[in-house]
Each structure stands twice: as C-alpha cells, then as structure tokens.
Amino acid sequence: MSDEKDWVAVTDLLPARAERFPDRVAMNVNATGGITYWEWQRRVNRTANGPLRAGVRRGDAIALLFGGMDWSTTPSPASPSSVRCLRGSPA
C-alpha cells in the first residue's frame, strides 16, 4: 500500500503548480503577457497575509474593499495599495 494520497485539496493546487512550474504562464491577462504560477502564488500570499499584518485574528469580522480599478487590465488587483481591510466585531 502506498503512503501517497490519491487526491489533492483545492487549496494545494496553486502552491503545487508554483513549485513544479514556477516560470510557466498560469493565465493570460489581456495583452500583458500573462502571469506565472510563481508570481500568482506570491500575490496570493501577499494578499492573504495583509490582514494578519494589520492585526486581524481568527474570529474577527472583516470586509475587503477593492478600489476603483479596471479589473480587465490591472495585472495585480489585490496589491497592497488597492486593498483595504476593515475590522469589526463579529455579529
């Protein structure tokens, strides 16, 4: 019997691709030439860790506000300069 699992969690797909194919284009973004798996993973991590750096903890209620941008042409809509995290108490 093999120790390897025969399934992959959805949350593990991008990190696995970024590790295996860091320079491969993951998606094309209009005429920008696309984004690699490594860059996509880097942006995901940066965006996910932003609220933690702002002091958000498990159980906090938050809202993410994305500023006015053209989502069809902006290669990094989740950059730290365009995302704001608002903390509040849980309902």
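Here the structure is a predicted model, which is why all the values come from computation and not from measurement. Below, all heavy atoms of this structure are taken into account, side chains as well, without hydrogens, waters or symmetry copies.
- The heavy-atom pair separating Ala26 from Trp40 by the smallest distance is CB-CE3, 3.6 Å.
- The minimum heavy-atom distance linking Asp23 with Thr36 is given by the pair O-CG2, 3.6 Å.
- Using a 4.5 Å cut-off on side-chain heavy atoms (C-beta onward), Gln41 and Glu19 make no contact.
- Shortest non-hydrogen contact noted between Arg53 and Arg46 is NH2-O, 3.6 Å.
- Val44 and Phe21 fall within a single hydrophobic cluster, where Ile, Leu, Val, Met, Phe, Trp and Tyr are joined by side-chain heavy atoms under 4.5 Å apart, directly or via other members.
- Between the CZ atom of Arg24 and the CD1 atom of Ile35 there is a distance of 15.5 Å, given to the nearest 0.5 Å.
- Leu52 and Val56 make their closest contact through CD2-O, 3.7 Å (heavy atoms, listed as atom of the first residue, atom of the second, distance).
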